[in-house]
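Heads up, the thing below is written out as structure tokens.
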Amino acid sequence: VVTYNTLIHGMCKEKKAEEAFGLFKELSSKGYDTDVYTYNILLDALCKDGKLNDVMTFVEKMIASGCVPDNVTYNVLMERLCRGRRLDRAMRILREMEAKGCYLNSVTYNIVINGLCKQGRVEEAEGLLGEMDDRRVVATVVTYNSLIHGHCRAQRIGKAMQLIDEMLAKGLVPDKVTYNCILSAYSKKGNVGKMRDTVQMMTSHGCELDAITYGTLIDGLCRTGKYEFAITILQTMLSKGMVPDAAAYNPILQCLCRQYKVQEALVKYREMLEKCVAPN
RNA sequence: UUCCUUGCAA
């Protein structure tokens, strides 16, 4: 089973879900073992880009085949519901799970907390963080990152900083995602000074700057018209051997076009193609 | 062997 699960997972990661389901059907028809991992892997692939109806049909098949859904199954489903604006349904499942005596783990809470934060319901999300503490479910860096992102999106950077202090007090180490959230709050305002400070903070804490960090910097600079500076950041990125994506180029193109520099924008566009960056 | 968090645009 492990061999086949690994293969099926590999196919799913490469967006070849058709192939994965094909292999799954072949295995089942030959009477080979499948387990809850197999189903969870496929369910997750369906949830990533499938219709909710297909998802539910698959869960029914899973149960009909005698496979008992586990925590991961619920988590995958809840994540899908949260993304499909069915957050309250996800909350109901959460309460049902606990009513059944299901052990709610950090990931379960993280999914709902993130869902709430994405809807701007950060207060409620913080309520769940309190609930985690009460129930001795450990809050993780991911938990805090979701909350921090929620505050940052609403420009409540002070609140975000408070949460970072809280993390540190619990012995959790802010990571590049944490800092990228803060950075993006400043970049949306085009606050170049604070962007600098944040990057400095990252490097001094041994956090690597990733493609998202650079993309965020480029975006922030372009928002205030500093496309030349943005281009130097892009070059830094390239010189470090990082692979830029459309999110690194788009703000620059947008900025140039806004300043009626379409010719220059086209030059950058061609560069994009040369570097095999797929436009979107 | 499976689930959760961050950037542009939409």
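Residue contacts shown for A:Lys48 are limited to sugar-phosphate atoms, with no base heavy atom under 4.0 Å away. Residue-level contact check: A:Val107 touches the bases, meaning some heavy atom is under 4.0 Å from a base atom. At a threshold of 4.0 angstrom between heavy atoms, the contacts of A:Arg223 are confined to the sugar-phosphate backbone, with no base atom among them. When heavy atoms are screened at a 4.0 angstrom cut-off, A:Asp44 is found touching the sugar-phosphate backbone but no base atom. Within the 4.0 angstrom heavy-atom criterion, base atoms lie near A:Asp245.
A salt bridge links A:Lys170 with A:Asp133: the closest approach of a Lys/Arg side-chain nitrogen to an acidic carboxylate oxygen falls below 4.0 angstrom.
For the pair A:His205 (side chain) and A:Met201 (backbone), a donor-acceptor distance under 3.5 Å is present. Not a single donor-acceptor pair under 3.5 Å links the side chain of A:Asp219 to the backbone N or O of A:Gly215.
Counting 5' to 3', RNA chain B first comes under 4.0 angstrom of a heavy atom of chain A and last does so at the ends given by B:rU1 to B:rA9.
A donor and an acceptor atom, one from each side chain of A:Tyr249 and A:Lys275, are nowhere located under 3.5 Å apart.
Below 30°, between 30° and 60°, or above 60°: for A:Phe58 and A:Phe21 the angle between ring planes is above 60°, a perpendicular geometry. The aromatic rings of A:Tyr32 and A:Tyr4 are tilted relative to each other, their planes meeting at an angle between 30° and 60°.
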